[in-house]
Trainee: 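There's a structure below that I have some questions on.
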Amino acid sequence: MALGGPHLATVLVLAGSAHWLAAGLAGLARPQGLLWIARILFPLGALGGLAVAAGGVAGLSHGPVAVILPLGLPDLPFHVRVDALSAFFLVLLGIASVGVSIFSAGYFRAGHGTAPGLLCIQYHVFLASMALVLIADDAYLFMVAWETMALSSYFLVTSNHHIPEIRRAGFLYLLIAHVGAVAILLSYGVLQAGQGDYVFSSMRAHPPQGWWASMAFVLALFGFGAKAGLLPLHVWLPEAHPAAPSPVSALMSGVMLKTAIYGILRVTFDLLDAPQWWWGVLTLALGLLTAVFGVLFAAVQTDMKRLLAYSSIENIGVVLIAVGLAITFRAYAMPLLAALALTAALYHCINHALFKSLLFLATGSVLHSTRERNLGKLGGLIHSMPSVAFFALIGALAIAGIPPLNGFVSEWLLLQAFLATPSLPNSYLNMLIPLGAAALTLAAGLAGYVMVKFYGVIFLGQPREPALAHAHDAGWLERLGMAWLAAGCVALGLLPLRTVAILDPVNSLLLARTLSETAGRSGWLFITGLAPERASYSPLIVFCGMLSVVAATFLVVRFRYNCRLRRGEPWDCGHPGLTARMQDTAEGFGQPIKQIFEPMFRIERQLPTPFDERPAYRATAGDHFWFWAYLPVARLTERVSRSIGVLQHGRISLYLLYSLITLVLLLLVVT
Amino acid sequence: MSASMSTQLINLFASLLLLIAFAMLAQRRVLSLIHLFAWQGAVLALNTTLVAFVTDQHHLYYSALLTLVLKVILLPWILHRLIDKLNVRWDVETLVNIPTTMLIGVVLVIIGFNVAMPISHLSATVTRGTLGIALASVLLSFMMMITRRKAVPQVIGFLAMENGLFFAATSATYGMPLVVELGVALDVLVGTFIFGIFTFHLREAFDSLDIEHIEKLKER
């Protein structure tokens, strides 16, 4: 295999994965050596991330390269292939993992849960398995890597396994991951279409037709949806993300969910040849439901990591909306619009990988310095943790879709794609899909609301607990990790045209159509959705405008209008004597949402009466899906197993009798 | 020895085997059970020698020798030691009363013969008529394991079942390859040791060999 040229990408990615595995194994050499693991191995792991990202960049500039590895079972070697789609997701994985690895170097400490050495190998195996999922070119390697990913992340989630809730969360995650994996396996079974060959190239050459193709798609959507957190398979996400250590939550939410999006794109656009329009509409509808559901539940959470987990559900919904639109446009042979929607989906994927990882890392720093996850006991941390507050602000603004940061660009692109739906040649879709645009806008707006809550309650106002005064800022490695991700958010926000050009090879691979020339039609300063006369956006101009308005206001207020500088307690609105108990709480902030969207929640309230000595208020917002879909299934399973348990008497004679009866019956059947 | 003579002798041994199987099913005393088991082994060894002589299959001599050493001498000796140490020479009650057991045994024999009939027609060996008997004795030993309440008779039932299987192999195809037979013999020996250890532990834990005590080992 020659170095350089088209093979460079594959070599870099494989070297990065091998490097990760080696770093993980090196952790076992001194499982308790915290300095060795945290200060040496995790930063080395970040180098692996750089290699994978570089491999991805190289892969985007070349055509597909397939290699057969001398690994695997006899007569069943592993096939790997780096094409534009996997290269894009490799870039995403590499960039996000660099930030998270650097952060972890300063984050993991001794004391509780799994030994650092085990954590190190689980973490790096998790990273390597994600890279293998992305480059797998046969269903066999894909499933091996996919299950390795699920298992290693399960062990990472349950690293604090002494706590029963965490064990329960881990079990739920593992259960749904397996249900999903079975569906994916079945989908590959349908895709190989009786060929008996599970290599992707042979699936590509003989795609199933008609009903079978739809079946493969629905199974893949279900299976990958289980990993992505698609409604109604989302229940593990808000349990597992808070249970995991923060860097792991960041990786799971930022990168692992994206491997599921990768899987959906791989099956729908690459392995299946001609999508049908209703696949797109189904994905779109589920994506819309997921987005609105996720953001509503995020708004009523009081645990900061659960809030972020529900926000991840929302963002996955947004990505799936874009994917659904792309499928629909492709089914109606409108490649330019499909490319626009697909670009929006990919752009949002990498955006989410950056800002959600950043926010999870920020919660990790907060958690370390305050030991508190409950929003009701935080507040005012901007004073004691200024750098974490700054990076979290960038992440929060980005996720809320505020220009000039990156979240705005992808949502803007997605809305541009929505605005083009009236050109679809199906009158029902013409009428219904704009409603979806309205729902998407609702979700985007509420995401801003959620982030105001997240940031305001944690970092602004006054500390709600006296212990918060001792909070300290994050260490330099943690800050470096967050700065890396924050820089990514800013760069992707300010350079949309460059980003679209980078991910355009994916469009040309999957849709045989590129977007760069349309997007750059209004000059280098602007990004154009479809046509310059419809809409263009320039982050730099918006940024300069915002800066000048802020500067002008500041100058006017400072030097013309008032000219005095006065310091007051935060949020006191001019009334002196405000205490921490008087400021808005997380529950209070989410209350309007709880009222307006009451039917969406299963609310259990405990209200105090006027005669209570110590009045207490408690309200939980449960998930209807849990009560109407999961609990009945769980009860049915339990009942069936109990009725089978009747057979178990504990008497050896009876067990022997079962054998004898089976034997005699079989003998009688044979004759 | 003429062909008809040898066939009659083989049939005689086969019917002896079946008779001993029935006797074991009816026997309450542990000591007598061990004796019967040893007799069954002896009949098996004789039968195997005869088949080896008639058909000129040399490896069957080894099988016969193996059977003699293992099933007539070694295993009964181990079992004797076991019941001496455990002091369980006395009568043991069965779960189902003896006459009912015998009636069920008759039904099993009929089933065994019926099942073996088509195979016997296909087979070309001199011993083909005895396949039904072999199958029936397997089923009878199985039945014995089911109806006994104590651990030692169950072990003997298990060993007797292996005898039946061995006989079936001899009668259907002139025995299994020697490697397989050696393996099976080793299995049986190891199995007996494990059963012996297990019964000691059972007595230590519960002060009794009654397997009712391990009925607690279940979910609810």
Side-chain angles (χ1 to χ4, degrees), chain A residues 74 154 158 161-179 182 235-236 239 626 629-671, chain B residues 25 92-96 101 104-105 107-122 131-132 134-136 138-155 157-158 161 164-165 168 195 198-199 202 209-220:
Chain A
Y154 164 77
T158 55
H161 51 84
H162 303 295
I163 304 169
E165 285 85 43
I166 288 184
R167 286 201 301 272
R168 187 176 162 274
F171 177 72
L172 187 65
Y173 168 50
L174 200 61
L175 182 74
I176 294 186
H178 273 97
V179 171
V182 168
V235 288
W236 63 272
E239 303 297 326
W626 182 253
Y630 284 82
L631 285 187
V633 171
R635 280 194 211 105
L636 184 71
T637 315
E638 208 170 318
R639 204 174 303 147
V640 170
S641 4
R642 194 169 293 146
S643 64
I644 289 171
V646 169
L647 285 178
Q648 191 196 17
H649 277 275
R651 297 174 69 165
I652 293 177
S653 316
L654 262 179
Y655 298 156
L656 289 170
L657 190 64
Y658 295 150
S659 317
L660 180 70
I661 290 172
T662 316
L663 180 66
V664 169
L665 281 180
L666 282 178
L667 283 175
L668 288 180
V669 167
V670 168
T671 48
Chain B
L25 198 59
V92 287
E93 71 273 40
T94 53
L95 284 174
V96 187
T101 319
I104 299 173
V107 174
L108 287 178
V109 172
I110 292 169
I111 291 174
F113 270 82
N114 196 35
V115 168
M117 195 118 65
I119 309 172
S120 306
H121 283 306
L122 288 175
L131 188 61
L135 208 54
V138 170
L139 292 176
L140 285 178
S141 312
F142 212 144
M143 185 76 198
M144 191 183 123
M145 280 178 83
I146 292 173
T147 54
R148 298 306 151 116
R149 192 170 277 175
K150 303 285 178 182
V152 179
Q154 284 196 335
V155 178
F158 171 76
M161 195 157 79
L165 281 175
F195 270 121
F198 166 74
T199 45
L202 195 64
L209 285 183
D210 204 329
I211 51 167
E212 262 179 9
H213 292 287
I214 50 173
E215 285 176 18
K216 291 174 205 145
L217 296 175
K218 61 173 183 170
E219 284 281 325
R220 281 173 295 126

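Numbers restart at 1 for each chain; the letters A, B, ... are given by sequence-line order, proteins then strands.
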Trainee: Would you say OH of A/Y630 has more than 12 non-hydrogen atoms from neighbouring residues, nucleotides or ligands within 6.0 angstrom?
Mentor: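 Atom OH in A/Y630 is crowded, with more than 12 foreign heavy atoms closer than 6.0 Å.
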Trainee: Can you tell me how far apart CG (A/L667) and CG (B/N114) are? Round to the nearest 0.5 Å.
Mentor: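 These two atoms lie 10.5 Å from each other.
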Trainee: Write down the atom of A/L660, the atom of B/L139, and the distance for their closest heavy-atom approach.
Mentor: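 Here A/L660 and B/L139 meet closest at CD1-CD2, 3.8 Å.
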Trainee: Need one label for A/L663: side chain, backbone, both or neither, based on atoms under 4.5 Å from any heavy atom in chain B.
Mentor: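 Side chain only.
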Trainee: Given heavy-atom pairs under 4.5 angstrom as the criterion, report whether the side chain, backbone, both or neither of B/I111 touches chain A.
Mentor: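 Looking at B/I111, just its side chain touches chain A.
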